[in-house]
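For reference, the structure discussed in these notes is given below.
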Amino acid sequence: MAAGGVGEVASNEQLTAAQKQILRKRQDLDYWKKNALEIRSRNRITGLAIGAFVIGIYTILSVKQERIMEDIDNEAKINYIRGPRTGTNS
């Protein structure tokens, strides 16, 4: 002759929708409390991996841009030494 509180053990058929929702939230909260340290460490590892990837891509692109600029500079030097292209010397 229980009052049907959330703390009591009852089958799912006897619980109301609000009680099921409270029970589900309690289970979620217990899960997060139990696994918080593991989840935090996984999140840190994921963050570090993403950060390393971004820094790697940035480095690759900046080196590539530097090489392109060197090629453009070399081409500009060659054209400067050759002089302007006119109808008589092309």
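Keep in mind that the numbers below use all heavy atoms, side chains included, and drop hydrogens, waters and symmetry copies.
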Closest heavy-atom pair and its distance - Q14, Q19 |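 Between these two residues, the closest heavy atoms are O-OE1, 4.3 Å.
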Gap separating the [atom1] atom of [X] from the [atom2] atom of [Y], nearest 0.5 angstrom:
X	Y	atom1	atom2	value
I39	T46	CD1	OG1	11.5 Å
I45	I50	CD1	CD1	12.5 Å
N43	E38	CG	CD	10.5 Å
L23	R26	CG	CZ	9.5 Å

More than 12 foreign heavy atoms under 6.0 Å from CZ of R42: is that the case here?
->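 Atom CZ in R42 is crowded, with more than 12 foreign heavy atoms closer than 6.0 Å.
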Between L48 and F53, is any pair of side-chain heavy atoms under 4.5 Å apart?
->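 No, too far: nothing below the 4.5 Å cut-off.
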